[in-house]
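Residue numbering restarts at 1 for every chain, and letters A, B, ... go by the order of the sequence lines. Basis for what follows: all heavy atoms, side chains included, without hydrogens, waters or symmetry-related copies.
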Number of protein chains: 2
Amino acid sequence: MPDTQNRPKPPLSLADLRDRIADLSGKLPRVLQQCADHLVADHDSIAVSTVAELSARAGVPPSAMMRFCHLLGFSGYSELQRLYRTAVARGLPDYATRLANLKSGPAGHPAALVAEFVEAGRLSLEGLARDLDETTLDQAVKALSQAAVIHLVGYRRALPVAVYLSYVFEKLGIATFLHDGLGGLDHRSALRPGDAVLAITFAPYSAETLALVDRARAIALPVVLLTDPPATALRGRADLVLTVGEVDFGAFRSLSATIALALALAVAVAARREG
Amino acid sequence: MPDTQNRPKPPLSLADLRDRIADLSGKLPRVLQQCADHLVADHDSIAVSTVAELSARAGVPPSAMMRFCHLLGFSGYSELQRLYRTAVARGLPDYATRLANLKSGPAGHPAALVAEFVEAGRLSLEGLARDLDETTLDQAVKALSQAAVIHLVGYRRALPVAVYLSYVFEKLGIATFLHDGLGGLDHRSALRPGDAVLAITFAPYSAETLALVDRARAIALPVVLLTDPPATALRGRADLVLTVGEVDFGAFRSLSATIALALALAVAVAARREG
DNA sequence: CCGAATTTGGAATAAATATTCTATTCCGGC
DNA sequence: GCCGGAATAGAATATTTATTCCAAATTCGG
């Protein structure tokens, strides 16, 4: 590679890089200035573009982009791109390995476990913010706000969410019926015209939950389903399927994202009823 | 490329792809199943990884990953990667921006509410990681791991946590008794020598929970209390007081931090029992 | 326990992509 | 308007990366 000796040190972070581009900007010959401008304008796609693609969009030949990379202190485009790529890939470390490490590591270190569950919760919440399906959410709010009684159902690990919703709706003055299967009763006859069902279930879906959902569908009640992706088996079983990805740690999930979504749903329904 | 004729149509969107992977999952030979699993686990970095890198992380040779791509209907890894790359180049899953976008929507809009609860949950989790009292946690784990039966109690908004713990302990093969006050019964006579109590309660503390705690203290059972700071009123009422600060949004809290702590506690107790 | 079919890992090959090189153009000073 | 140095574009090359193919290992059915 040319000019190795009088090339500056390469930026080590995206912030460094931005600074360096800003420094250079304005004191650059025409084509290189174009490179600089385009790099800041199109930074979203740098991680996934080849030099050829990027320079084509910038309206310069690839060699010009290469020269600009050298000017910034990189050995080439690949080195610059690495910065953007690690930024994109940040997050999700490999959970399988971390779990294995934890098991083999200092057994019974509770604080480390807390850290892992905190991390899992954080990632789940980020995922919710990223992947939220706003349209379906709006429709779910609408459907539930028109219901006379909202039937809540969730078994096993979904039960805590149903229980919490029952508390929250109560506080908000909205009538609910919690189907908890107490005593083996399914109370499916409690479903009345004008009601709606909010079911929470994760794969493998519990038979009781699906039974209630099917019953509601049979008498044409609106059904909102809160579940985890990909939910292939549930398509067509409910009008409105809201998926929320939870990052599991070990066998258990933090439920953070599911609860956040459920709370937002409840509060939105209450707001809509009043308005 | 091999087998072009009997290869299915390639998925056209990430949703399609997820569905297809879910379909295949379970009916796959060992190595290909590893590919499938890793593809969903590590989906954040697919856009910026080479086959070599990705398959190394999945623990399979590159050729196996290629075979899996063909199975999904793609002509190769590049075609699969294109799906992820276009997703990255568009929506920029930058958490901060996305959250800002969600919030800036019409006030009271469901998506904006989701953003608020996500933010509250995240802050709570950060707080937990920062303020965790490791010493007390260790002692709590020790106390609970020696119990014959763990009595769980939590009313009102603490009930979901108690319910979840009941599920988790069950899965871990640990005997529990959930005091849910059903039918106005308090079952305080269920407390036996050798048992321990894990109580979850937030200010204002519910009388039923405190009654059970006092009863347990009276017969010298260890009591672990999970509550919110400052917990001044509770000092002296239990041996071990674990505080966890939750950031509320509106009248409701996400419970993220409480659940994370509760889960870690449960898993640590199980680990300690086995060791 | 054997043979057939499937699955696997790795070496060989092909394609894509980055990078350098050089002839040519551009521009400012005399 | 001509000279010298910087800047440029595209062709040539090197490197990385994807993809295929096949021999060896494994699994499965009888």
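- Rounded to whole angstrom, the span from the CG atom of A:Leu32 across to the P atom of D:dA7 amounts to 7 Å.
- Summarising the geometry of A:Ile46 relative to A:Tyr77, their closest heavy-atom pair is O-OH, 3.5 Å, with the distance given to 0.1 Å.
- Looking at heavy-atom distances under 4.0 Å, B:Ala64 makes no contact with the nucleic acid at all.
- Evaluation of atom-type donor-acceptor distances gives a pair under 3.5 Å for the side chain of A:Ser63 against the base of D:dA9.
- At the phosphate of D:dT19, OP1 or OP2 sits under 4.0 Å from a side-chain N or O atom of B:Ser78.
- Remark: B:His70 is in phosphate contact with D:dT20, judged by side-chain N or O atoms under 4.0 Å from OP1 or OP2.
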(request) Mind running salt bridge (Lys or Arg N to Asp or Glu O under 4.0 Å) on A:Asp228 and A:Arg253 for me, showing each step along the way? (result) CA-CA 11 Å; A:Asp228 42 5; A:Arg253 52 185 52 186; 3.4 Å; yes
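- The separation between B:Met66 atom CE and C:dA16 atom C1' is 13 Å, rounded to whole Å.
- With C:dT20, C:dG9, D:dA9 as the choices, the nucleotide that has an atom nearest any side-chain atom of A:Pro61 turns out to be D:dA9.
- In terms of phosphate contacts, A:Arg67 brings a side-chain nitrogen or oxygen within less than 4.0 Å of OP1 or OP2 of D:dT8.
- The CZ atom of B:Phe74 sits 14 Å away from the P atom of D:dT20 (whole-angstrom rounding).
- The separation between B:Leu28 atom CG and C:dT8 atom P is 9 Å, rounded to whole Å.
- Rounding to whole angstrom units, CZ of residue B:Arg85 and C1' of C:dA16 are separated by 11 Å.
- Across the protein-nucleic acid pair, B:Gln34 atom CD and C:dG9 atom C1' stand 13 Å apart, rounded to whole Å.
- Among C:dT20, D:dT19, D:dT17, the nucleotide with an atom closest to any side-chain atom of B:Thr50 is D:dT17.
- Within 4.0 Å (heavy atoms only), B:Arg30 reaches sugar-phosphate atoms of the nucleic acid but no base atom.
- Looking at heavy atoms from C-beta onward, A:Leu72 lies in side-chain contact with A:Leu39 at the 4.5 angstrom threshold.
- Here the P atom of nucleotide C:dA18 and the CD atom of A:Gln81 are 7 Å apart, to the nearest Å.
- In the set D:dT19, D:dT8, C:dT19, D:dT8 carries the atom at the smallest distance from any side-chain atom of A:Pro29.
- For the pair B:Leu80 CG and D:dT17 P, the interatomic distance rounds to 18 Å; values are reported in whole Å.
- A 4.5 Å side-chain heavy-atom check between A:Arg130 and B:Asp44 finds at least one atom pair inside the cut-off.
- Between B:Glu170 and B:Thr176 the shortest side-chain heavy-atom distance does not fall below 4.5 Å.
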